[in-house]
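Reading through the structure tokens given below for one structure.
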Amino acid sequence: METKLLLAPMAGYSDVGFRVVCAQLGADLTFTEMLSAQAMKYDSEKTKALAFRDAREKAVVAQIFGKDVQAMAEAMQNPILQNFEGIDINMGCPAPKIVKNGEGSALLKNLSLASQIITECKKYAGQRSLSVKVRLGFSENNIVEIAKMCEESGADFITVHGRTAKQMYAGKADYEAIAAAKASVKIPVFGNGDIVDEQSYQNMLLCGVDGVMIGRGAVGSPWFFSELKREKLSMGKFEVIKTHVEVLRQFYPERFLILHLRKHFLAYAAKLHAPSSVKQKFALQTNIDESLNLFQSLVNHFENN
Ligand SMILES: Cc1cc2nc3c(=O)[nH]c(=O)nc-3n(C[C@H](O)[C@H](O)[C@H](O)COP(=O)(O)O)c2cc1C
């Protein structure tokens, strides 16, 4: 199987516009940010808005989170998730408010419940793939046990972020542990954590993984996927930013986007080596078109120097 490049689910970042540009620049599969199964029960408008899709997207996986078997099974049947190519179950989020609820990475402390959730969700997957995103364990590394549990419960593939939940984002992702996960199961295993350049990408490939998932390395630089594939960029960097904005404008009101785009703009500016005075302008932007003009000159400058 050819190595696949996946865009990670990232709350606040993996919006439909970002997914479109990542797909156009080489991501084979993109993920939505995590969607609450509980919120779907109550027909949450916010959750619906996180599940918008654009016709230009290729394959997209919607990620769901929850701890209640019934609510997760119902989420699988929710109309807003029917037109995705896959559904992923979040068993990796270490955020205290999620863990306190027994959701996300807390499920790694209760593998029999985790298994029940996967088995039940699989029943309603239909044509969609059913995958699980995990960490190495909750406090200790027991990834081999976790990977086998996912496989036995019916997961079509897993993604392993090479840290325990307790580590949050500290230290370095443990690629040897990812290699052990890959060696322990037959289903495809995707490696995730700290892929930020060619070297880290090659190191991850040495684990024998079927593909890699990239999060922070793509924020502000969705062209990272093309670079890793050694493909010429299919569009200029300014066009990337403009397309990201144009897609979002089809779905969301301007006042929401002014705030939402600040963090993406800051990330683009950082990757384009903007001076801090310019970054400050993006962080406080009040007008998206003015920011786009600023990007046009930034990209011109960046490309001519
Ligand atoms: C801002 C942010 C939001 C995230 N949100 C999610 C999420 O919704 N679901 C999930 O499974 N992981 C989430 N993650 C974890 C990433 O998917 C990924 O596992 C992690 O960042 C490590 O990969 P990286 O080093 O390539 O960024 C998030 C990470 C970041 C930085």
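Throughout, residue positions are numbered sequentially from 1 according to the sequence presented. This structure is a prediction, so every number in the text was calculated from the model and none was measured. Order of appearance sets the numbers: ligands from 1, and atoms from 1 within every ligand.
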What residues come within 4.0 Å of ligand 1, counting heavy atoms only?
-> A8, P9, M10, A11, Y13, M34, Q63, N90, K133, H161, Y169, N192, G193, D194, I214, G215, R216

Residue pair L81 / A75: nearest heavy atoms and the distance that separates them = CD1-O, 3.3 Å

Is there a donor in the side chain of S139 and an acceptor in the side chain of K166, or the other way round, less than 3.5 Å apart?
-> no

Go through the structure and list residues passing salt bridge (charged side-chain N to carboxylate O under 4.0 Å, His left out) with E145, not counting sequence neighbours.
-> none

Partners passing salt bridge (charged side-chain N to carboxylate O under 4.0 Å, His left out) against K123 (at least two apart in sequence or in another chain) | E120

Same cluster or not: are L111 and F65 linked, directly or through other Ile, Leu, Val, Met, Phe, Trp or Tyr residues, by side-chain heavy atoms under 4.5 angstrom apart?
-> no

Any side-chain hydrogen bond (donor to acceptor under 3.5 Å, both in side chains) pairs touching residues 170-189, not counting sequence neighbours?
-> K182-D210

